[in-house]
S.K.: 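Here it is, the structure, as structure tokens.
Since the structure is predicted, the reported quantities are computational estimates derived from the model, not experimental observations.
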Amino acid sequence: MQKPAIPKGTRDFMPIEMERRNYIFDTIKKVFRKYGFVQIETPAMENISTLLGKYGDEGDKLLFRILNSGNFFDGVFSEEQDMVDMKELTLKIAEKGLRYDLTVPFARFVVQHKEQITFPFRRFQIQPVWRADRPQRGRYREFYQCDADIVGADSLINEMELIEVLDEVFDKLNIKVAIKLNNRKILTGIAQLIGQADKITDITVAIDKLDKIGLDAVNKELTDKDISEESVQRLQPILLLEGSNADKLIKLKEILHCSDIGQKGIEEIETVMAYLADCKLKARLELDLTLARGLNYYTGIIIEVKALDANMGSISGGGRYDNLTGVFGLQGVSGVGVSFGADRIYDILQELNLFPEKTEASTKLLFVAFDSKGIEYALPIVRKIRKAGIPAEIYSEEAKIKKQMQYANDKNIPFVAIVGDDEMKANAVMLKNMTTGEQRLVAVEDIVKEIQ
RNA sequence: GUGAGUAUAGCUCAGUUGGUUAGAGUAGCGGAUUGUGGUUCCGUUGGUCGUGGGUUCGAGUCCCAUUACUCACCCCA
């Protein structure tokens, strides 16, 4: 016999967990809608060519590929070509892959349906994504992202609104967070400053680790990446920036005075922060130059959210991407978006005991009978109760009352209606309140009134 | 891809320097109570000790391999 199991990094969800997950999804959805976002869905799988090359080499490795159906080896091996080139081979036998995030499929979606879309397009999307990563705490191979993006709009007002969305959602969920901001343009400016623009990726990856591994280790890593001693030295004032957001920006302006693109990035941050000055964010908003985000496609402001009271990676992220639709042939469409990591948010709410007490009402009233006669007597009554909008069920098996009561108890059903010969004779039920333990004979027509 | 740890009943875990027939709690089932759950008491089902090999008179325990899972790094939601 086969032992039942699911792939690692995936999970089953029990009813209680679904209730809590829906609490998260509903909260996010409500805020999205309030800001005018409309929902779409895209398929779990995309053509592999849609996904490849969008997330860097690392990302390509983490894509789940779907083996072609049928005889997938058919015509794969030609005579002069060996099976040496695994990459080529993989491309031929797996032409589809599971989506890695919601942003790239959305870009594909926008280009494919551009005639039917009114821009600026504000869409939200809540669906699972898959990554062939090694699972660990807060990291799953299948997890839900909740994305809100605005495409076809350049204004930084959109950045502001998305930050408001982030703030509002986490406030509603009672999670204390820091919203970290940076700008890819500032990072580019920094790379220019030290004269190694081509090393931008290495630099950002290294300075992203500043608070994790410390200044010395970062400098060593930079040196290891063939960045000259002199350049590393020039980088120091930036790594050592301290003080309020405004302080940092002022100093940064000085340091980057010779970089146009760097100045542009600083301006953008200033503008967004000025917009946000009025809206009384609950979250801490901080400029964080160590924030790099590996994703290749961000070009402007980068956003990341961290929970203050829990040890967890980022629980939301986002940013501006100027030319994401470009690779699908639609130029000049800029987008900006954020993404909530529902599963990490779940873990944090669980850890901090922040899920609301009240469980969403399921069955309110259970009918319990001694025999088939009682069950038949109860059936029309159940219908009546349901017609009144009250979730009710009947224990359909003939079983001992004790067992049926236990069922009601396990399911947290607040009321039980017991049906026996006496009750049938009186055209009534014995209505028991499972919380207080009280019970009394209630006429059939009074049941609804009694349990409301 | 790199490193560390764990694996014993459905679940959570004990199991001594290697020594008789591997235990507990919990869940399940039955009963105390044939018209009453959540509390209590009694009884009871359930294990190829992850898998394969080795050392030994003897292995849940020691060694090797393997698989799965967990945690950390990389990266990320």
S.K.: May I ask you to decide if the ring planes of A/Y55 and A/Y297 are parallel, tilted or perpendicular, using 30° and 60° as cut-offs?
M.R.: perpendicular
S.K.: What's A/Q136 touching, base or sugar-phosphate or nothing? Going by heavy atoms closer than 4.0 Å.
M.R.: base
S.K.: Counting the atoms with a prime plus P, OP1 and OP2 as sugar-phosphate, which does A/I315 contact under 4.0 Å by heavy atoms, base, sugar-phosphate, or nothing?
M.R.: sugar-phosphate
S.K.: Examine A/F37 together with A/F124 and report whether their ring centres are nearer than 6.0 Å.
M.R.: no
S.K.: Which of the following nucleotides, B/U2, B/U36, B/C74, is nearest to the side chain of A/K432?
M.R.: B/U36
S.K.: Quick one: is B/U36 close enough that its OP1 or OP2 comes under 4.0 Å of any side-chain N or O from A/K402?
M.R.: no
S.K.: Should A/R320 and A/E268 count as an ion pair when the cut-off is N to O under 4.0 Å?
M.R.: no
S.K.: Counting the atoms with a prime plus P, OP1 and OP2 as sugar-phosphate, which does A/G437 contact under 4.0 Å by heavy atoms, base, sugar-phosphate, or nothing?
M.R.: base
S.K.: Describe the nucleic acid contact of A/G138 in one word from base, sugar-phosphate, nothing, applying a heavy-atom distance below 4.0 Å.
M.R.: base
S.K.: Checking contacts here: which listed nucleotide (B/G35, B/U36, B/C75) is nearest the side-chain heavy atoms of A/M405?
M.R.: B/U36
S.K.: Quick check for you: among B/G35, B/U70, B/U2, whose closest atom lies nearest to any side-chain atom of A/R134?
M.R.: B/U2
S.K.: What's A/Q439 touching, base or sugar-phosphate or nothing? Going by heavy atoms closer than 4.0 Å.
M.R.: base
S.K.: Given the P atoms of B/G28 and B/U55, what is the spacing between them in whole Å?
M.R.: 46 Å
S.K.: In whole angstrom, give the distance that lies between atom CE of A/M430 and atom P of B/G37.
M.R.: 15 Å
S.K.: Nearest-Å distance, CZ (A/F143) to P (B/C75)?
M.R.: 16 Å
S.K.: Using a heavy-atom cut-off of 4.0 Å across all strands, would you classify A/D133 as base, sugar-phosphate, or nothing?
M.R.: base
S.K.: Look at all strands and tell whether A/F370 reaches a base, only sugar-phosphate, or nothing, counting heavy atoms closer than 4.0 Å.
M.R.: base
S.K.: Taking any heavy-atom pair under 4.0 Å as a contact, classify A/R344: base, sugar-phosphate, or nothing.
M.R.: base
S.K.: Check every strand shown and say whether A/S314 touches a base, only sugar-phosphate, or nothing at a heavy-atom separation below 4.0 Å.
M.R.: sugar-phosphate
S.K.: Specify the separation, in whole Å, of atom CG of A/L63 and atom P of B/C76.
M.R.: 14 Å
S.K.: For B/G31 and A/K400 - does any side-chain N or O of the residue sit under 4.0 Å from the phosphate oxygens OP1/OP2?
M.R.: yes
S.K.: In whole angstrom, what separates A/F415's CZ from B/G37's P?
M.R.: 19 Å
